[in-house]
Amino acid sequence: MEKREELYSGKAKSVFKTDDADRYILVFRDDTSAFDGKKISQLDRKGAVNNQFNAFVMQKLEAAGIPTHFESLLSPCEALVKRLDMMPIECVVRNVAAGSICRRLGIEEGITLKKPTFELFLKNDDLGDPMINEYHIDAFDWADLDAVAKSRELTFAVNDVLTPWFAEHGMILVDYKLEFGVVDGKVVLGDEFTPDGCRIWDSETRAKLDKDRFRQDLGDVIESYELVGRRLGMTFEY
Ligand code: UDP
């Protein structure tokens, strides 16, 4: 697989074309950002840890029948993925209240929801990723509604796989964000699943083990990502 020109550089990953029009290379960088890019830092080992964390989770999801764009690991910080037409939408499932739902609805952090919730956000840093619903998506033609419905179904299916898995290893999957794309008419999980895009707490101590450590200046950000990964059976190469 030959790496060709850079197509796009996001806040933490870059996307490169390859000699295969249907495959891209994702490069996970050490750049870390929060608050829609307002807080930025470089964290040693982050690119390698997140790339390998993502590969492990995507393979777990594939094995459970959830289609993902992941193809193979190419190097510590690089992965080969399928080219998807991404929808500009973030799908969030919450099991426990934290983050924006607490601010928005005045809910106390840490309350376990009676059942998981599903929320949609528009990917737009300038607007602070506003919350939207299917009517907005349809009215402004941001995505196909059947594809959004499938994304919701897959986002909940991911919860059914990952929540018990984290629990078996002494962790609570509080919430997470997923992004989907379409290839050959099929909705496929894209982007990444790493501690950058979810909240993970220790089951006993409820210590935060995810990007909230960066957002809230709690320290040991990447050490916590590595701890989560090792508990789930990952080994990391740098
Ligand atoms: N999230 C993300 N990218 C975003 C917004 C949210 O990965 O642009 C993740 C976030 O890490 C958390 C979940 O989605 O795991 C829910 O985020 P929330 O709506 O609570 O927003 P936050 O308070 O994290 O900004």
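The chain is numbered in sequence order, starting from 1. We count ligands from 1, going down the list as the structure has it; atoms in each ligand are counted the same way. The model shown is predicted, which means the values in this text are computed figures rather than measured ones.
Taking atom 4 (C) of ligand 1 as the reference point, the nearest protein heavy-atom neighbour is Glu90 OE1, 3.5 Å. For atom 13 (C) of ligand 1, the nearest non-hydrogen atom of the protein is Asp175 OD1, 3.5 Å. Of the protein's non-hydrogen atoms, Arg215 NH2, 2.9 Å is the one closest to atom 11 (O) of ligand 1.
Compare Gly128, Pro195, Ser100, Cys198 by their heavy atoms: the one nearest to atom 18 (P) of ligand 1 is in Ser100. Relative to atom 2 (C) of ligand 1, the option among Glu192, Arg103, Lys177 with the closest non-hydrogen atom is Lys177.
No hydrogens or angles considered: nothing links the side chains of Asn124 and Asp129 as a donor-acceptor pair under 3.5 Å.
Each of the atoms 20 (O), 23 (O) of ligand 1 lies under 4.0 Å from some heavy atom of Gly99. Residue Asp196 has at least one heavy-atom neighbour below 4.0 Å for each of these atoms of ligand 1: 7 (O), 11 (O). Below 4.0 Å from some heavy atom of Arg199 lie the following atoms of ligand 1, by number and element: 12 (C), 15 (O), 16 (C), 17 (O), 18 (P), 20 (O), 22 (P), 23 (O), 24 (O).
Heavy-atom distances between Lys211 and ligand 1 stay at or above 4.0 Å for every pair. Under a 4.0 angstrom heavy-atom cut-off, Val174 registers as lying outside contact with ligand 1. At least one heavy atom of Ala98 lies less than 4.0 angstrom from ligand 1. In this structure, Glu119 falls outside the shell of residues with a heavy atom less than 4.0 angstrom from ligand 1. Not a single heavy atom of Lys123 sits less than 4.0 Å from an atom of ligand 1.
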Verdict with supporting geometry, Asp212 and Arg199, salt bridge (charged side-chain N to carboxylate O under 4.0 Å, His left out):
CA-CA 7 Å; Asp212 273 346; Arg199 290 191 169 92; 2.7 Å; yes
Starting from the C-alpha separation in whole Å, work towards a yes-or-no answer on salt bridge (charged side-chain N to carboxylate O under 4.0 Å, His left out) for Lys13 and Asp31.
CA-CA 8 Å; Lys13 299 189 293 296; Asp31 301 320; over 6 Å; no
Before giving the answer on salt bridge (charged side-chain N to carboxylate O under 4.0 Å, His left out), spell out for Arg83 and Asp85 the whole-Å C-alpha distance, their side-chain angles and the decisive distance to 0.1 Å.
CA-CA 7 Å; Arg83 183 183 62 77; Asp85 288 324; 3.6 Å; yes
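Surrounding NZ of Lys82 are more than 12 heavy atoms belonging to other residues, nucleotides or ligands, all under 6.0 Å away. When the shell of 6.0 Å around CD of Gln42 is examined, it contains more than 12 heavy atoms from other residues, nucleotides or ligands. Annotation: Lys3, atom NZ; neighbour count of heavy atoms from other residues, nucleotides and ligands within 6.0 Å is above 12.
The side-chain hydrogen bond (donor to acceptor under 3.5 Å, both in side chains) contacts involving residues 226-236 comprise Arg45-Glu226, Asp202-Arg231, Glu226-Tyr238, where partners must be two or more places apart or lie in separate chains.
Ligand 1 has a nitrogen or oxygen under 3.5 angstrom from a nitrogen or oxygen of Asp129. An N or O contact shorter than 3.5 Å links Arg94 to ligand 1 by distance.
In this structure, Trp165 and His169 have perpendicular ring planes: the angle between them is above 60°, well past the 30° mark.
Remark: side-chain polar atoms of Asn133 are paired, donor with acceptor, to backbone N or O of His136 under 3.5 angstrom.
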